[in-house]
Novice: 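Input: one structure, supplied below.
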Amino acid sequence: MKMHAGEVDMKNPLLTPAFAGLLAVMLVPILAYAQTSELEEIIVTARKKEESLMDVPISVSVVSGSVVQDGNIGKLENLAPTLPNFHHSEAVSGNDQVFMRGVGSGVNFGFENSVGQVFDGIFFGRARYGRALFMDLDRIEVLKGPQGALIGKNTTAGAINITSARPTEEFEAYLAPTWEFEGDDGPTIEGAISGPLSDQLRGRVAFRYEDRDGYIKNLARDTEEMQREEVAIRAQFEADLAEGLDARLLFQYSDQTREGRPVELGNCTPGFANLLSRFGDDCEWNRTNSRVLLQHGVEQESASDTETWLAGLTIDWDTPLGILTSVSAFSRYETKDHWDSDSIAVEAVSILINEEYEQWSEEIRLTSSGDNVVDYTLGAYFQFVDHKTRFGLDFNFMGPPPLNNLPPFARGRSNRHTDAEGDTQAVFGQATWHVHPQWDLTAGFRYTHESKEASHLLFPTVLYTDERRPPPPFGPIANTHDVSADRTENQFTPNGTIQWRPVDDAMLYANVSKGFKGGGYDHQLGSPQAQAERDFEFEDESVLAYEVGGKFQFPDSRARMSVSFFRMEFEDLQVSTLIPGGTVLFRVGNAASAISQGVELDAQWQPVDNLNINLAAAYLDADFDDYVDAPCYGAQPAAEGCIGGNQDLSGKALQFAPEWSWSLDGDYTWNLPGDLTMRLFGRMYYSDDYLMALDHDPNAFQDDFVKVDASLALGSADGRWRVSLIGRNLTDRKTANFANDGAGPDGASFFYFSHPPRSLAVQARLNF
């Protein structure tokens with residue numbers, strides 16, 4: 001039984017009334033005016049240097065910082081649904097999920113990213129950084145396909161390159177308070193101040209604060225979930241140290257406190273639904289739950305806290321050979337997650353997770369001026385990582401039958417403690433030979449040496465404590481092990497590109513590239529000793545990718561378009577699948593192979609002054625090529641292919657890989673009497689159905705859907721102030737971004753992480 005996005009037939013998303021309305025909003029001004037205009041050039045740093053988007057021979061989507069703020073888009077998870085072929089969801093008990101073109105990392109803490117994250121030139125090695133609040137940004141670049149040469153490991157599917165607003169030569173400041181009064185209710189305030197501190201020194205300080213009430217109704221506690229209080233602050237300073245020598249110092253801190261989760265049970269069997277009704281849970285996927293975290297019958301706070309620190313120093317030295325850049329960085333985060341795993345108002349299973357991650361990195365590179373016959377980038381990269389996870393599952397089962405099926409001696413905490421370290425050293429380079437005014441040839445490489453070591457303990461303690469105890473003869477805390485391992489990898493990831501400019505306003509390209517994601521260790525391993533020694537380690541993942549495409553600027557610079565055709569062939573794809581049985585265990589390993597291929601289109605059109613229209617669309621065919629020993633889903637019958645606990649997923653779709661997806665938006669600005677302006681914005685975005693659990697459980701599919709966002713802003717013509725009414729998901733489509741087996745026996749229920757409902761907010765902005 002699939003979930004449904006709504007009562008409207010979404011098989012023809014172009015024929016919906018909302019789509020027609022959006023087109024009307026954009027076309028009325030075209031009929032009223034006949035002026036011409038010109039699109040602004042978009043500058044990106046996808047190849048570690050400033051270039052026009054139209055000159056970069058890869059598929060890139062760009063979102064400006066103003067679009068993020070004007071749309072009240074607070075974080076990556078809110079932005080992802082509007083970007084074709086991109087998915088982000090917070091995990092239930094581990095690594096967050098970031099997917100590109102149907103490829104990403106599972107929830108296990110041991111996985112590194114398939115989609116790399118870069119902030120102001122600093123590479124981040126963990127998905128948890130993707131929870132950061134968007135604050136005072138210049139732009140977000142979504143780079144699709146492996147970026148193994150210039151960015152490096154853990155970019156087998158792509159990368160997110162985020163650039164903050166920089167200190168300015170002149171004083172400027174802004175304050176932008178927002179009040180969301182329907183949806184995830186509560187206030188947000190963002191601001192920044194920037195300007196010169198002396199003739200050679202500039203500074204910028206930015207902050208953002210959010211306090212939200214949540215949008216899932218907890219029927220048992222009569223509260224809303226997930227309640228959030230988050231704060232972030234960033235300070236950066238730029239100094240002209242000498243002629244041609246500049247430095248930028250960056251500090252950032254954030255604190256995220258959350259109560260509850262936007263998760264609920266649904267699709268229950270009749271018997272289990274009747275059982276849950278005793279606790280007030282309707283077992284319907286309708287933005288309600290009845291979760292209560294209990295210990296010895298006493299309610300506890302179900303919370304998630306994350307603190308993050310970042311410090312970075314970037315030095316640019318203009319030498320006769322080019323710009324010599326050094327990027328030094330230190331980052332650390334600490335998390336504590338404590339939540340009710342059984343998802344109902346009964347004392348059964350709860351999870352306590354503590355994670356600490358530290359990363360030191362240094363990158364040195366030399367980039368030529370761009371005016372030579374051969375332009376180049378050469379560099380070296382060093383990274384050290386220290387990663388600790390403390391994963392505890394408490395099993396008590398104090399509810400009514402069958403939720404009381406553990407004898408007292410089998411109740412307790414199963415602890416999974418992992419200590420891991422990693423060292424990475426890499427050299428890289430890329431050179432472009434301008435063979436002819438119309439032809440460029442580019443070749444790049446990266447050689448990476450990586451070493452890792454880890455130890456893992458599985459042991460029982462007394463229920464809800466760290467007090468050690470002997471394991472019982474059976475039950476969920478019976479297994480124990482003590483394993484350790486180390487591994488070394490050497491990887492060569494080259495790329496090559498041909499570019500042809502048949503005319504000034506067109507560029508065609510073809511490229512081939514390799515990428516890899518390092519192997520590692522299962523941080524949530526729950527097996528007995530002998531099996532743990534076999535299963536602790538998983539291998540690296542590699543990809544060979546091909547892409548051909550073109551970028552076109554149309555007459556009078558009123559429109560531009562980019563299109564790409566891609567094919568990515570993955571070997572040893574890293575996967576994590578929930579093992580049926582209700583013990584919160586995952587099988588981690590490598591699928592044999594997978595293929596992701598398709599077409600991506602981005603277009604911008606400015607038919608008249610003050611009117612902008614943008615279209616992003618994608619077709620995706622992402623399947624396992626060979627995966628014959630995938631785990632079965634809960635209660636999967638033999639008739640559905642489950643034999644001996646395994647199923648063959650060869651030829652079946654990957655997770656979060658809708659076949660079709662697109663986003664269409666437009667905005668128009670009117671000049672009004674009294675030196676006022678009014679701006680109308682509308683966006684419609686569509687996703688085909690997609691799989692949320694890798695095991696292909698039919699209850700973990702999201703049906704296709706269309707959503708609509710809009711805003712109306714009134715402000716002064718000189719830009720000093722603006723007031724906006726902002727709406728997201730205006731038709732209140734109910735969708736989920738993550739699902740899997742829930743409480744009870746196999747197939748008895750499923751949990752769903754819901755996207756936010758309809759949101760309405762008022763935002764002001766004052767520029768000083």
Side-chain angles (χ1 to χ4, degrees), residues 91-94 107-109 218 220-221 225 260-261 263-266 268-269 272 275-276 278-281 283 289-304 336-354 389-416 458-466 469 471-472 474-479 523-527 578-586 634-635 738-753:
V92 64
S93 60
V107 299
N108 193 277
F109 283 112
N218 189 312
R221 301 178 65 233
E225 296 180 356
R261 289 172 181 264
V263 63
E264 59 183 300
L265 295 178
C268 293
T269 59
F272 198 68
L275 172 65
L276 295 190
R278 305 183 201 177
F279 311 107
D281 196 311
C283 214
N289 67 36
S290 62
R291 302 169 71 244
V292 180
L293 177 60
L294 298 170
Q295 292 185 354
H296 299 305
V298 179
E299 184 176 339
Q300 306 292 316
E301 185 179 49
S302 179
S304 173
K336 181 179 180 180
D337 291 349
H338 194 196
W339 66 287
D340 179 49
S341 179
D342 54 67
S343 300
I344 52 179
V346 66
E347 189 168 351
V349 185
S350 61
I351 294 181
L352 176 64
I353 304 170
N354 291 287
T389 57
R390 302 292 184 260
F391 193 93
L393 293 95
D394 286 293
F395 297 91
N396 201 8
F397 285 83
M398 294 295 291
L403 300 176
N404 64 344
N405 58 3
L406 281 181
F409 66 81
R411 295 170 181 165
R413 173 176 290 177
S414 174
N415 298 273
R416 303 163 194 198
L458 174 66
F459 60 95
T461 58
V462 175
L463 188 68
Y464 306 132
T465 75
D466 295 326
R469 57 162 290 186
F474 66 88
I477 65 169
N479 288 341
H523 284 221
Q524 285 134 279
L525 189 64
S527 310
L578 186 68
I579 298 174
T583 56
V584 201
L585 297 176
F586 288 80
F738 184 49
N740 220 318
D741 295 295
D746 292 343
S749 69
F750 297 84
F751 70 79
Y752 303 101
F753 269 58

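We use all heavy atoms of the structure for the numbers below, so side chains are in, but hydrogens, waters and symmetry mates are not. Worth saying up front: this structure is predicted, and the values here are computed from it rather than measured.
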Novice: Counting N and O atoms only, with roles assigned by atom type, does the side chain of E347 sit under 3.5 Å from a partner on the main chain of G297, one being a donor and the other an acceptor?
Specialist: yes

Novice: Please report the C-alpha distance between S350 and D340 in whole Å, then the side-chain angles of each, then the deciding distance to 0.1 Å, and finally whether the side chain to side chain donor-acceptor pair (under 3.5 Å) criterion is met.
Specialist: CA-CA 5 Å; S350 61; D340 179 49; over 6 Å; no

Novice: Apply the test side chain to side chain contact (heavy atoms under 4.5 Å, CB included) to residues L393 and R416: give CA-CA distance (whole Å), side-chain angles for both, the deciding distance (0.1 Å), then the verdict.
Specialist: CA-CA 9 Å; L393 293 95; R416 303 163 194 198; 3.7 Å; yes

Novice: One thing to verify: whether R261 and D337 come together as a salt bridge, which I'm taking to mean a side-chain N less than 4.0 angstrom from a carboxylate O.
Specialist: yes

Novice: Hey, does the side chain of N289 reach the backbone of V263 with a donor-acceptor pair shorter than 3.5 angstrom?
Specialist: yes

Novice: Would R413 and L352 count as a side chain to side chain contact (heavy atoms under 4.5 Å, CB included) if you check the C-alpha gap in whole Å, the side-chain angles of each, and the deciding distance to 0.1 Å?
Specialist: CA-CA 10 Å; R413 173 176 290 177; L352 176 64; 4.0 Å; yes

Novice: List the steps and the verdict of side chain to side chain contact (heavy atoms under 4.5 Å, CB included) for V349 and D394.
Specialist: CA-CA 6 Å; V349 185; D394 286 293; over 6 Å; no

Novice: What distance do S749 atom OG and F272 atom CZ have between them, rounded to the nearest 0.5 Å?
Specialist: 4.5 Å

Novice: For side chain to side chain donor-acceptor pair (under 3.5 Å), just list the numbers for T461 and D466, CA-CA rounded to whole Å, side-chain angles, deciding distance to a tenth of an Å, and then say yes or no.
Specialist: CA-CA 6 Å; T461 58; D466 295 326; 5.1 Å; no

Novice: Can you classify the ring geometry of H523 versus F109 as parallel (below 30°), tilted (30 to 60°) or perpendicular (above 60°)?
Specialist: tilted

Novice: Do the ring planes of F751 and F753 sit parallel (below 30°), tilted (30 to 60°) or perpendicular (above 60°)?
Specialist: perpendicular

Novice: Is the shortest side-chain N to carboxylate O distance from D342 to R291 below 4.0 Å?
Specialist: no

Novice: Y464 and H296: aromatic ring centres closer than 6.0 Å?
Specialist: yes

